[in-house]
J.: 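What follows is a single structure, and I will ask about it in a moment.
Quick caveat, the model's predicted, so the values are computed rather than measured. Sequence lines set the chain letters: A, B, ... in the order given, protein chains first and strands last, and positions in each chain run from 1.
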There are 2 protein chains.
Amino acid sequence: MFTETDCADEHCALSPPQAAYQSRPAKASRTQVRCSSCSMRSACMPSGFSAPDLTRFDAIVSATRLVKRGDALYRTNDPFQSIYAVRAGSFKTVVMHRDGREQVIGFHLAGEVLGLDGVYTEHHSSDAIALEDSSVCIIPYVLLEQMCAESKALQQQVLRTMSGEIVRESSLMMLLGTMSAEQRVANFLLNLSSRMQARGYSPNEFNLRMTREEMGNYLGMKLETVSRMFSKFQRDGLVQTRGKQIRIVDIEALERV
Amino acid sequence: MFTETDCADEHCALSPPQAAYQSRPAKASRTQVRCSSCSMRSACMPSGFSAPDLTRFDAIVSATRLVKRGDALYRTNDPFQSIYAVRAGSFKTVVMHRDGREQVIGFHLAGEVLGLDGVYTEHHSSDAIALEDSSVCIIPYVLLEQMCAESKALQQQVLRTMSGEIVRESSLMMLLGTMSAEQRVANFLLNLSSRMQARGYSPNEFNLRMTREEMGNYLGMKLETVSRMFSKFQRDGLVQTRGKQIRIVDIEALERV
DNA sequence: CGCGCACTTGAAGCCAATCAAATCGGGTGG
DNA sequence: CCACCCGATTTGATTGGCTTCAAGTGCGCG
């Protein structure tokens with residue numbers, strides 16, 4: 001929900017280099033962006049918004065921010081002020097263990113929301129790192145809260161989004177708690193595939209924006225194991241990979257794993 | 001948040017058997033219960049509620065329901081109508097894999113909320129099973145939504161609760177993704193310990209309400225492994241166990257694991 | 001061109017799962 | 001009250017899957 005994109009870019013790096021990327025702390029750009037004309041809108045705001053709702057919402061989402069590959073949108077313990085919608089690019093969110101090991105909580109594509117973890121304590125409890133040069137819409141939380149009191153549709157949407165995050169995390173726990181390495185990787189690819197499809201890309205062929213290690217940190221396994229599973233799927237004719245390029249050859253077989 | 005208990009019972013089974021337990025689908029009892037006089041209130045509604053807020057909230061939480069040990073409060077795909085606050089007793093929430101393996105998503109003690117997963121699709125995405133004879137406060141979601149539009153404090157509280165659930169699940173993912181069996185069990189005991197303490201019980205000595213298998217399904221391991229870790233901690237003088245009774249002897253050592 | 005980083009692949013080791021058996025404990029019926 | 005039963009738990013022996021360690025390859029970029 002809540003994203004805006006006026007550029008129909010390739011969901012990879014930001015399309016034209018309209019401005020030099022800023023380093024943190026970055027000033028947000030105030031170029032007029034509009035949800036009403038955003039190409040991510042269908043992914044971002046699943047219907048139900050009336051025209052006046054949309055107009056009001058446009059008003060509070062007046063800024064965007066560019067985040068360079070590898071940079072943080074926010075970090076653990078940063079004070080919570082806004083949630084973000086990915087306009088273009090992609091992010092990972094990560095929680096760190098004291099010993100340095102990290103668990104990737106999620107990968108976030110264009111049209112998805114980031115930062116809801118901060119509502120609880122008013123501080124973020126994870127790091128959000130850009131996997132590529134990316135841009136986000138900034139949604140100041142106090143304004144969102146305020147608008148929720150005024151618009152029933154928006155309130156419902158916010159609650160639904162939060163609940164969706166809870167459900168998403170539940171199924172990741174299922175994956176981490178009960179599945180074999182092979183099943184985890186298959187599951188991961190299928191999940192990415194359907195999300196790519198929902199964004200209008202081919203579900204069978206796309207680019208992985210994260211490293212094997214990041215996938216491993218997401219799936220609860222080592223990068224070598226991820227690599228081995230990719231090789232195995234390739235041997236068995238389920239996928240074809242070349243580095244970060246992936247082509248899903250036999251989606252049904254992948255589902256049966 | 002949102003629990004009520006007028007009986008200061010032993011956080012285990014329901015205190016006096018005031019009524020025969022009903023089987024599902026159960027009619028909710030309409031005995032007058034009040035958040036304002038609820039012993040779980042501090043755990044349930046972390047301050048910030050004005051007197052009028054509280055009164056209004058009392059009005060929508062007018063019913064409770066008894067759930068017998070082993071029975072479901074709701075099941076996956078049940079239509080979502082209410083969220084629940086545990087008044088007395090305890091629950092597990094579970095998601096099932098197609099092959100029958102199950103992942104326990106959480107254990108819920110008195111004063112904790114259940115059912116937020118249902119907001120997303122208007123159907124529950126997990127089963128909630130009572131670990132012992134328990135009772136819950138029923139909070140009809142449509143009324144809650146409505147009241148959220150009227151009370152800023154309540155709206156904030158609901159959003160915070162949801163966010164808290166997201167954060168809680170994140171740290172469980174961290175556990176499942178990165179920790180050894182030993183660390184998982186230690187972590188689990190410490191977590192329970194602090195929650196018992198928050199409820200006014202001894203943090204060092206309490207009853208485990210779930211079986212070894214349920215702990216294993218929560219921690220992503222087999223019941224035998226859970227048992228072995230308990231034995232190991234006992235050998236090393238960190239805890240003493242006798243069946244479901246547990247006494248934490250060396251909490252610092254447990255934290256260092 | 002060559003450096004560094006990401007990735008692949010092989011071999012060995014280890015932790016947790018599996019299989020198996022014994023014990024405990026609570027509840028029941030004789 | 002006691003014998004018995006069944007589920008829960010503990011413990012041991014073995015297996016297997018994933019990690020660890022190590023070496024080598026591929027590739028983008030300065």
J.: Could you check how far CE of A:Met215 sits from C1' of C:dT8, rounded to whole Å?
T.: 13 Å
J.: Rounded to whole angstroms, how far apart are CE on A:Met221 and P on C:dC7?
T.: 13 Å
J.: Spell out, as yes or no, whether a donor-acceptor pair under 3.5 Å connects the side chain of A:Ser134 to the backbone of A:Ala130.
T.: no
J.: How would you label the contact of B:Thr211 with the nucleic acid (heavy atoms, under 4.0 Å): base, sugar-phosphate, or nothing?
T.: sugar-phosphate
J.: Ignoring backbone atoms, establish whether B:Thr225 has a side-chain N or O less than 4.0 Å from OP1 or OP2 of C:dA17.
T.: yes
J.: Would A:Glu112 and A:Arg199 pass as an ion pair if we require N to O under 4.0 Å?
T.: yes
J.: Within this structure, what is the CG-to-C1' distance between B:Leu131 and D:dA8, rounded to whole angstrom?
T.: 15 Å
J.: With a non-hydrogen cut-off below 4.0 angstrom, is A:Gly220 in contact with a base, only sugar-phosphate, or nothing?
T.: sugar-phosphate
J.: Do A:Glu132 and A:Lys68 meet the salt-bridge criterion of a basic N to acidic O distance under 4.0 Å?
T.: no
J.: How many whole angstroms separate atom NZ of B:Lys222 from atom P of D:dG16?
T.: 16 Å
J.: Can you identify which nucleotide, out of C:dC7, C:dA17, D:dT9, has its nearest atom closest to the A:Lys244 side chain?
T.: C:dC7
J.: With A:His124, which of A:Asp117, A:Thr93, A:Asn77, A:Thr76 fulfils side-chain hydrogen bond (donor to acceptor under 3.5 Å, both in side chains)?
T.: A:Asp117
J.: Any carboxylate oxygen within less than 4.0 angstrom of a Lys/Arg side-chain nitrogen, looking at A:Arg228 and A:Glu182?
T.: no
J.: Provide, to the nearest angstrom, the distance between the CD atom belonging to A:Glu224 and the C1' atom belonging to D:dG24.
T.: 14 Å
J.: Using atom CZ of B:Arg228 as one end and atom P of D:dT14 as the other, report the distance to the nearest whole Å.
T.: 13 Å
J.: Round to the nearest Å and state the distance from A:Met229 atom CE to D:dG17 atom P.
T.: 10 Å
J.: Looking at B:Asn204, is its backbone amide N or carbonyl O close enough to the side chain of B:Ser202 to form a donor-acceptor pair, meaning the two atoms are under 3.5 Å apart?
T.: yes
J.: In whole angstrom, what separates A:Arg235's CZ from C:dT8's P?
T.: 12 Å
J.: Do the side-chain N and O atoms of A:Gln103 and A:Asn217 include a donor-acceptor pair separated by under 3.5 angstrom?
T.: no
J.: Quick one: which of C:dT8, D:dT9, C:dA6 gets closest to the side chain of B:Arg212?
T.: D:dT9
J.: May I ask you to say what A:Ser231 touches in the nucleic acid, namely base, sugar-phosphate or nothing, with a heavy-atom cut-off under 4.0 Å?
T.: sugar-phosphate
J.: Tell me, which of residues 174-189 of chain B have any heavy atom that sits under 4.0 Å from an atom in DNA chain C?
T.: B:Ser180, B:Ala181
